[in-house]
Protein chains: 2
Amino acid sequence: MKHKTIGVLGGMGPWATLDFFEKILRLTPAKTDQEHLRVIIDNNPKIPDRSPAIVGTGEDPTPAMVASARTLQQAGADIIVIPCNTAHYFYERVQNAVSIPVLHIMEEVVTTAREEVPSARVLGILATAAAVSSGLYARACARKGIEVVNPDPASQQVVNRAIYAVKGGQVGPEITAGLKKVADGLVGRGAQALVLGCTELPFVLKPQDVPVPLLDSNQILARAAVRFATGVPLPTPT
Amino acid sequence: MKHKTIGVLGGMGPWATLDFFEKILRLTPAKTDQEHLRVIIDNNPKIPDRSPAIVGTGEDPTPAMVASARTLQQAGADIIVIPCNTAHYFYERVQNAVSIPVLHIMEEVVTTAREEVPSARVLGILATAAAVSSGLYARACARKGIEVVNPDPASQQVVNRAIYAVKGGQVGPEITAGLKKVADGLVGRGAQALVLGCTELPFVLKPQDVPVPLLDSNQILARAAVRFATGVPLPTPT
């Protein structure tokens, strides 16, 4: 079985891309260099911030994302992954620009939720305000008969601050404590599992910090990519 | 000042490439995604192992390295770095295949040694047996009037085992203890500073493990790359 090459449309943000790369390495069954997977990473943090673009106050990141996807395809990638949830607002235009498949992080997360926490009918979503308000998880969940609960506006500000603290390299215990409180609030409102729906958040919140299963979107995307590259079929989309 | 793009000819091995990427992020003065540097990484662990090729028992990695360098140039890299010391045996053929500069890890390490440990006239080299026997550090040091001491054959086997333990994801305290003993032996033979002359070794040995300054080749290469990309001039080669 010849391994396939993973292309990473990265840099959104760079720490999340680093975390994604590490997860790929940890998930790959390998005892030598050569048993590991080829991964081509375009870590391009110069791509304009997704959140302001979605709410109409910032530059459109799509041209830079499309250019990066084409670069990855040209460089030899067999599949593209985007370790940034909010960037999936622009997913269609990226997928339409290349002939190789682009994994969809929300679809992978929701499929995993159904497999690993089959009893969960309500997921709590921790993501950027722009990702939440544009309904990226709500729609993917609705297609599988799952409800979502989102933080109230004040709590959403706490989530956003945590995300930008990671981007700024300034995570500390008080950032984690704030996010734990938000997570507890979502559980109190019925969430039976929580989604780390922003790839910066694994630097802030760990499974042991919350009382319900924690679905790490970056880990789930990395696992899907490794499955594709090593030849284990991806879960069938429904 | 427009930042330049760093191309990483990586995967030799993948954990060293991950460590290099993390060092780039830590060394970049940035509080937002966009202040970070674009880094294109071709993590290609399928490149044949460098050590057997050098001693004549394995496939030549140069064609794959040349292809990767050209891919990085084509993708938009302004400079190439190779976070693998042993691979620098094949440096000339890679540099000759592209029109952008390829940093040379031994030159960067020796320049840094002169700057940061100016009193050191003797460096102890921790590197693969193939890198040591082919004199990669010895020649670069000799050009700057620095002597090297290398491990004796039994100790060199300990170093090689440590390197391949990292590649296999099997580092533990006994691996570190063994390498500390080798390091102490080199200091006993006159080394006034030690070179982690293999990019796997930062996973095994830390500055606090040794009684003399420890020059981490992966850290030095990352710093040189960040200097280039952010516009701070590289140290002048002499």
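Chain identifiers are assigned alphabetically (A, B, ...) following the order of the sequence lines, protein sequences preceding nucleic acid strands; residue numbering begins at 1 within each chain. Values in this document were obtained by computation on a predicted structure and should not be read as measured data.
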Pick one of side chain, backbone, both or neither for A:Ile47, based on which atoms fall under 4.5 Å of a heavy atom in chain B. backbone

If you draw a 6.0 Å radius around CZ in B:Phe203, do more than 12 non-hydrogen atoms from other residues or ligands fall strictly inside? yes

Chain B contact via A:Thr17 - which portion, at a heavy-atom distance below 4.5 Å: both

Looking at chain B, which one of A:Thr71, A:Leu18, A:Asp42, A:Ile6 has the largest number of heavy-atom pairs inside 4.5 Å, strictly under? A:Leu18

Heavy-atom pairs under 4.5 Å with chain B: which of A:Lys46, A:Glu22, A:Met12, A:Arg38 has the most? A:Arg38

One option among B:Thr32, B:Ile24, B:Asn44, B:Leu72 has the most heavy-atom pairs under 4.5 Å with chain A, and it is B:Asn44

Less than 4.5 Å to any heavy atom of chain B: does that hold for the side chain of A:Arg70, its backbone, both, or neither? neither

Specify the closest pair of heavy atoms between A:Arg50 and A:Cys84, including all atoms of both residues, with the distance to one decimal. NE-SG, 4.0 Å

Counting heavy-atom pairs under 4.5 Å with chain A, which one of B:Val39, B:Ile40, B:Val8 comes out on top? B:Val39

Between A:Lys23 and the options A:Thr28, A:Asp216, A:Asn218, the side chain to side chain donor-acceptor pair (under 3.5 Å) test singles out A:Asp216

Can you tell which part of B:Ala30 gets under 4.5 Å to a heavy atom of chain A, answering side chain, backbone, both or neither? backbone

Hey, what's the ring geometry for B:Phe21 with A:Phe21, parallel, tilted or perpendicular (30° and 60° as the breaks)? tilted

Restricting to non-hydrogen atoms, name the atom on B:Ala130 and the atom on B:Thr86 that form the minimum distance, rounded to 0.1 Å. CB-CG2, 4.3 Å

Looking at chain A, which one of B:Pro14, B:Gly168, B:Ala75 has the largest number of heavy-atom pairs inside 4.5 Å, strictly under? B:Pro14

Toward chain A, the part of B:Gln170 with a non-hydrogen atom under 4.5 Å: side chain

Should A:Lys167 and A:Asp49 count as an ion pair when the cut-off is N to O under 4.0 Å? no

Main-chain N/O of B:Pro52 paired with B:Glu59 side-chain donor or acceptor, under 3.5 Å: no

